[in-house]
Protein chains: 2
Amino acid sequence: MVKIKKDNSTEHKILEAARQIFFDKGMAGARMQDIADAAGINKALLHYYFRSKERLFENIFIDAIGNLFPKLSSILESEKTVFEKIELICVEYITQMQQTPYLPIFILSEASRQPEHFLKQIWNKHKPPLKPFVYMIETSIKQGKIKPVHPMQLLMNILSLCIFPFMAKPLLQQVTSINKKEYDAMMKERKKTVPQLVIQSIKK
Amino acid sequence: MVKIKKDNSTEHKILEAARQIFFDKGMAGARMQDIADAAGINKALLHYYFRSKERLFENIFIDAIGNLFPKLSSILESEKTVFEKIELICVEYITQMQQTPYLPIFILSEASRQPEHFLKQIWNKHKPPLKPFVYMIETSIKQGKIKPVHPMQLLMNILSLCIFPFMAKPLLQQVTSINKKEYDAMMKERKKTVPQLVIQSIKK
DNA sequence: GTCTATAACTCGATAGAC
DNA sequence: GTCTATCGAGTTATAGAC
C-alpha cells in the first residue's frame with residue numbers, strides 16, 4: 001500500500017509553512033516567527049528541526065529548484081516529433097507556472113544572491129535536461145526538419161514566453177487593470193499561442 | 001551652459017549608493033550601514049537626508065520604475081509603420097536591459113511585495129504608454145495591416161522575449177556554462193531575432 | 001519533542017557635540 | 001551638514017523545564 005495519508009509530522013508542517021513564507025517574502029524578508037505561526041508551533045521547534053534560518057532556507061531553495069525541470073526529461077526522451085515535444089514543453093511549463101506562479105521570482109531573485117559554488121552543487125542534484133534539448137534541436141536541423149537556429153536562443157524564447165508573464169503578473173495586472181480571472185484566462189490561452197509562435201519560428 | 005560637472009553633493013552620493021545596494025539586496029536585504037559605507041558617509045547622515053529607510057527606498061523604487069518606459073512613448077507617437085515601431089520597442093528594451101540588467105528582478109520582486117495602493121500612486125507619476133500601444137495594434141488590425149491578435153498577448157510576448165533573458169542570466173549562465181562574453185553576444189543578437197520573431201507572428 | 005523564557009545580537013533611528 | 005555614541009525594537013538562537 002502506498003502512502004495516501006497526509007504527512008502530518010511536525011517536520012512536514014514546518015517545511016510547508018517555510019515554503020509559503022519564503023516564497024512570499026524572500027529569505028531576507030521572512031521571519032522565523034511568521035514561519036512558526038504558519039506551522040502552528042513555536043520558534044524553538046524550528047531550530048530543533050533545522051538548526052538555523054539559513055539551513056531551513058537552503059532546504060526550501062534546493063527543493064524549489066528541483067521543481068524547475070518537472071517532466072521535461074521524459075518529454076525529451078519520448079518518441080515524438082520535435083514540434084510535438086516543443087509544444088509539450090511549453091504546455092508543461094505554463095501548467096507548472098499556473099500552479100506555482102511565485103516560484104520563478106523566488107528562485108531568480110534568491111539565486112542572484114547565492115554564492116556560485118552553492119549553486120553549482122545544486123545543479124548536480126537537479127540536473128537540468130539541457131543536453132538532450134540541444135541535441136534534439138541540432139539533429140533536427142541536420143535532418144532538415146527545422147530551420148537552423150541557435151539552440152540556446154530557442155530555449156530562451158521558450159522559457160521567456162512561458163515564465164515571464166507569471167513573474168510580471170502583479171505589475172501587469174495593476175498597469176492594465178486586468179482582473180485576476182481575465183489574466184488567468186490569458187495564461188490558459190497561452191498554452192496554445194506560445195507553442196504556435198515558437199514552432200512558427202523554426203518551421204521551414 | 002548645461003550641467004556637465006558630476007553632481008558630487010552628498011544627497012547624490014547617497015542615492016547612487018542606495019540604488020546599488022537596493023538593486024543588489026532588495027528592500028528587506030539592504031542595510032542602512034551598507035548604504036552608508038557605499039556612500040562613504042555614516043548612517044546618521046542617511047536619516048538626515050531621507051527620514052527613514054522606507055523613504056529612501058521609495059525614492060529609488062519610483063525612480064527605477066520611471067526608467068522602464070523611457071523612449072517608448074516617443075516611439076509610439078512617431079510617424080512609422082507598426083513593424084518599425086515594434087522593432088524599435090524591442091531594440092529599445094533590450095538596450096535598456098543591457099545597461100541595467102538588475103532592474104527587472106528588483107522591480108518585479110519588490111512590486112509583488114508592495115501594497116496595491118502604493119503601486120497605483122506610481123503609475124500616476126510614470127504613466128506607461130499602454131493605451132497608445134493597444135490603440136496602435138487595434139487600428140493596424142482594422143486596417144488589415146496585421147493579423148488579428150490580442151494586444152496584451154502581443155505585449156506580453158515582446159516584454160517576455162526582451163526582459164526575461166536578463167533576469168535569468170545568473171542562473172542560465174551557470175546551467176549552460178556560457179561565459180559572460182558569449183552571453184552578452186547572444187543578447188546583442190536578440191536585438192535582431194526578437195523583432196523578427198514578433199513581427200513574423202503578426203505579419204499576414 | 002515541545003514548550004516558555006531569555007540571552008545575544010542586528011539594525012533602524014535619534015540625541016547631541018562640533 | 002556631518003559626526004560619534006547610544007537607545008530601543010525586533011530577530012535569531014539557546015537554555016532548561018516538562
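All values derive from a computational prediction rather than experimental measurement.
- Applying a 4.0 Å cut-off to non-hydrogen atoms, the residues of residues 48-63 of chain B that approach DNA chain D are Y48(B), Y49(B), listed by residue number.
- Between K169(B) and D184(B) there is a salt bridge, since a side-chain N of the basic residue sits under 4.0 Å from a carboxylate O of the acidic one.
- For E182(A), there are no salt bridge (Lys or Arg N to Asp or Glu O under 4.0 Å) partners two or more places apart in sequence or in a different chain.
- Counting non-hydrogen atoms under 4.0 angstrom, A36(A) reaches nothing in the nucleic acid.
- Between dA13(C) and H47(B), a contact under 4.0 Å exists linking OP1 or OP2 to a side-chain N or O.
- Residues in residues 120-136 of chain B take part in no side-chain hydrogen bond (donor to acceptor under 3.5 Å, both in side chains) pair, two or more places apart or across chains.
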Would you list the atom pairs, donor with acceptor, under 3.5 Å between side chains in residues 106-113 of chain B and any protein atom, with sequence neighbours excluded?
{"from": "S109(B)", "atom 1": "OG", "to": "I105(B)", "atom 2": "O", "distance (Å)": "2.8"}
{"from": "S109(B)", "atom 1": "OG", "to": "F106(B)", "atom 2": "O", "distance (Å)": "3.4"}
{"from": "E110(B)", "atom 1": "OE2", "to": "M27(B)", "atom 2": "N", "distance (Å)": "2.9"}
{"from": "S112(B)", "atom 1": "OG", "to": "S109(B)", "atom 2": "O", "distance (Å)": "2.9"}
{"from": "R113(B)", "atom 1": "NE", "to": "D24(A)", "atom 2": "O", "distance (Å)": "3.1"}

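- Atom-to-atom, CE of M32(A) to C1' of dT10(C) comes out at 15 Å; the value is rounded to the nearest Å.
- Sorted by first and then second residue, the side-chain hydrogen bond (donor to acceptor under 3.5 Å, both in side chains) pairs involving residues 44-53 of chain B (not counting sequence neighbours) form an empty list.
- Taking atom CD of residue Q33(A) and atom P of nucleotide dG10(D), one finds them 12 Å apart after rounding to whole Å.
- The distance between atom CZ of R31(A) and atom P of dC9(C), rounded to the nearest whole Å, is 19 Å.
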Whether each nucleotide of nucleotides 3-8 of chain C has a protein heavy atom under 4.0 Å at its base (B), only at its sugar-phosphate (S) or at neither (-) is summarised, 5' to 3', as BB----

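- Distance CG (L46(A)) to P (dT12(D)): 10 Å, rounded to an integer number of Å.
- Summarising the geometry, the separation between CZ on F22(B) and C1' on dG12(C) is reported as 12 Å, rounded to the nearest angstrom.
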For residues 150-158 of chain A, tabulate all N or O donor-acceptor pairs below 3.5 Å that involve a side-chain atom, not counting sequence neighbours.
{"from": "H150(A)", "atom 1": "ND1", "to": "M152(A)", "atom 2": "N", "distance (Å)": "3.1"}
{"from": "Q153(A)", "atom 1": "OE1", "to": "R190(B)", "atom 2": "NH1", "distance (Å)": "2.9"}
{"from": "Q153(A)", "atom 1": "NE2", "to": "M186(B)", "atom 2": "O", "distance (Å)": "3.1"}
{"from": "N157(A)", "atom 1": "OD1", "to": "R190(B)", "atom 2": "NH1", "distance (Å)": "3.0"}
{"from": "N157(A)", "atom 1": "OD1", "to": "R190(B)", "atom 2": "NH2", "distance (Å)": "2.7"}
{"from": "N157(A)", "atom 1": "ND2", "to": "Q153(A)", "atom 2": "O", "distance (Å)": "3.4"}

Which donor-acceptor pairs under 3.5 Å do the side chains of residues 78-90 of chain A make with protein atoms, sequence neighbours left out?
{"from": "S78(A)", "atom 1": "OG", "to": "I75(A)", "atom 2": "O", "distance (Å)": "2.6"}
{"from": "T81(A)", "atom 1": "OG1", "to": "E84(A)", "atom 2": "N", "distance (Å)": "3.1"}
{"from": "T81(A)", "atom 1": "OG1", "to": "E84(A)", "atom 2": "OE1", "distance (Å)": "3.4"}
{"from": "E84(A)", "atom 1": "OE1", "to": "T81(A)", "atom 2": "N", "distance (Å)": "3.0"}
{"from": "K85(A)", "atom 1": "NZ", "to": "L76(A)", "atom 2": "O", "distance (Å)": "2.9"}
{"from": "K85(A)", "atom 1": "NZ", "to": "S78(A)", "atom 2": "O", "distance (Å)": "3.3"}

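- Not counting sequence neighbours, the partners of T95(B) by the side-chain hydrogen bond (donor to acceptor under 3.5 Å, both in side chains) test are K191(B).
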